[in-house]
Protein chains: 2
Amino acid sequence: MDNLTEMLKGTLEGCVLEIIGSEETYGYAITRRLNELGFADVVEGTVYTILLRLEKNGLVQVTKRPSEQGPPRKFYALNDAGRKELATFWAKWEYITSRIDKLKEGGR
Amino acid sequence: MDNLTEMLKGTLEGCVLEIIGSEETYGYAITRRLNELGFADVVEGTVYTILLRLEKNGLVQVTKRPSEQGPPRKFYALNDAGRKELATFWAKWEYITSRIDKLKEGGR
DNA sequence: AACAGTACCTGGTGCCACTGAGTACTAAGG
DNA sequence: CCTTAGTACTCAGTGGCACCAGGTACTGTT
C-alpha cells in the first residue's frame with residue numbers, strides 16, 4: 001500500500017504509544033514491530049522523531065541500557081501522562097472511525 | 001471531541017470525495033453535512049481549500065448555478081479520476097483501520 | 001579491513017487541516 | 001433605510017506531523 005503518510009498523521013504516534021504501553025521497548029524494535037504489523041514503509045527516522053517528541057512532551061520514561069548487539073538502547077515506558085494520552089488517542093480513533101463508517105454506509 | 005485535526009489529515013479530503021460522489025453538491029452544503037455527521041468543528045474555510053485542491057488536481061467537474069438564497073453556488077461532481085481517487089481512499093482506509101485494529105487487539 | 005546488522009540523531013521538506021480576514025448577495029427587523 | 005443574520009465563496013499565512021537523507025557509533029563475521 002503506497003503513500004499512506006497523510007493518513008498516518010496523528011495515528012502513527014498513537015501506534016507507538018500503544019506499542020510502548022504494552023511492553024517497555026526501544027526505537028529500533030518499535031520500527032521492526034510496525035513493519036511486521038503492515039506499516040512496511042515506516043523507517044527508523046520517523047520513529048525516532050516520534051519518540052523524541054513523546055519524551056519532550058513528558059509522556060514517557062526513558063531508561064538507557066547496554067546492548068550485546070550494538071550501541072546502548074533507549075527503553076521507553078509510558079508514565080501516567082502517557083497512559084492518559086493513549087486513552088485519549090483510542091477515544092479519538094473510535095470517534096473518527098465511527099463517523100467515517102457512518103459516512104461510508106451512506107448514513108444520514 | 002477536541003483537536004482531531006492531525007488525525008483528519010488525508011481522511012477529510014476522502015470524506016469530501018465520498019459526499020460529492022454520492023450527490024452533486026456545493027461547499028456550504030458539504031460543510032453542513034460534515035457537521036451533522038459529527039465533524040462538528042470543520043468550518044467552511046477548511047472545506048473550500050479541499051474543494052479548490054480537488055479542482056486543481058482534476059478530480060471534479062464544477063458547475064456554477066445561481067442560488068435563491070445568496071451568491072451563486074459552485075456544484076461539484078466526481079469525474080473518472082475522482083472516482084478512482086475515492087476508491088483508492090477507501091482502500092487505504094481499509095488497510096490502515098485493519099492494521100490499527102490488529103495492533104489494538106494486541107495482535108502479533 | 002571491510003561489511004552487515006544493530007541502534008540512535010537531526011536539519012530540512014512537503015502536505016494538509018486550520019485560521020482569520022475579506023467579498024458579496026438576499027431577506028427580515030428595528 | 002440601515003443593520004443584522006444567513007448564505008456562499010476566496011485566500012494568504014500558520015503549525016504539526018510523517019518523511020527524507022545523511023550522519024554517528026558499536027559489534028560480530030568474512
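Letters A, B, ... mirror the listed sequences (proteins, then strands); counts begin at 1.
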Give the rounded distance in Å between these two atoms: [atom1] of [X] and [atom2] of [N].
| X | N | atom1 | atom2 | answer |
| --- | --- | --- | --- | --- |
| B:N3 | D:dG16 | CG | P | 10 Å |
| B:N35 | C:dC18 | CG | C1' | 14 Å |
| A:L51 | D:dC17 | CG | C1' | 14 Å |
| A:E6 | C:dC18 | CD | C1' | 14 Å |
| A:K92 | C:dA17 | NZ | C1' | 13 Å |
| A:L12 | D:dC17 | CG | C1' | 10 Å |
| A:M7 | C:dC16 | CE | P | 12 Å |
| B:R73 | D:dG6 | CZ | P | 16 Å |

For [X], which contact category applies under a 4.0 Å heavy-atom criterion: base, sugar-phosphate, or nothing?
| X | value |
| --- | --- |
| B:S67 | sugar-phosphate |
| A:T5 | sugar-phosphate |
| B:I50 | sugar-phosphate |
| A:E44 | base |
| A:G45 | base |

To the side chain of [X], which of [options] is closest?
| X | options | result |
| --- | --- | --- |
| B:Y28 | D:dC9, C:dC16, C:dA7 | D:dC9 |
| B:K74 | D:dT10, D:dC11, D:dC17 | D:dT10 |
| A:Q69 | D:dT10, D:dT7, C:dA7 | C:dA7 |
| A:L52 | C:dC9, C:dC18, D:dG6 | C:dC9 |

* Asked: Does B:W90 share a hydrophobic cluster with A:I96, counting links as ILVMFWY side-chain heavy atoms below 4.5 Å and allowing steps through other members?
  -> yes
Would you mind checking if [Y] and [X] are paired as a salt bridge, meaning a charged N to carboxylate O distance below 4.0 Å?
| X | Y | answer |
| --- | --- | --- |
| A:E18 | A:R33 | no |
| A:R73 | A:E68 | no |
| B:D80 | B:R83 | yes |

* Structure fact -> Walking DNA chain C from its 5' end, the first of A:K9 and A:P71 to be reached, judged by nearest nucleotide, is A:P71
Side-chain N,O ([X]) to OP1/OP2 ([N]) below 4.0 Å:
| X | N | value |
| --- | --- | --- |
| B:K64 | D:dA8 | no |
| B:Y48 | D:dT10 | no |
| B:R53 | C:dC16 | yes |
| B:Y26 | D:dA8 | yes |

* Asked: Counting only heavy atoms not in A:E6, do more than 12 fall under 6.0 Å of its CD?
  -> yes
* Asked: If you count the non-hydrogen atoms of other residues, nucleotides and ligands that lie under 6.0 Å from CG in A:N35, is the total more than 12?
  -> yes
* If you find the nucleotide of DNA chain D closest to A:G70 and the one closest to A:L4, which residue's nucleotide is nearer the 5' end? -> A:L4
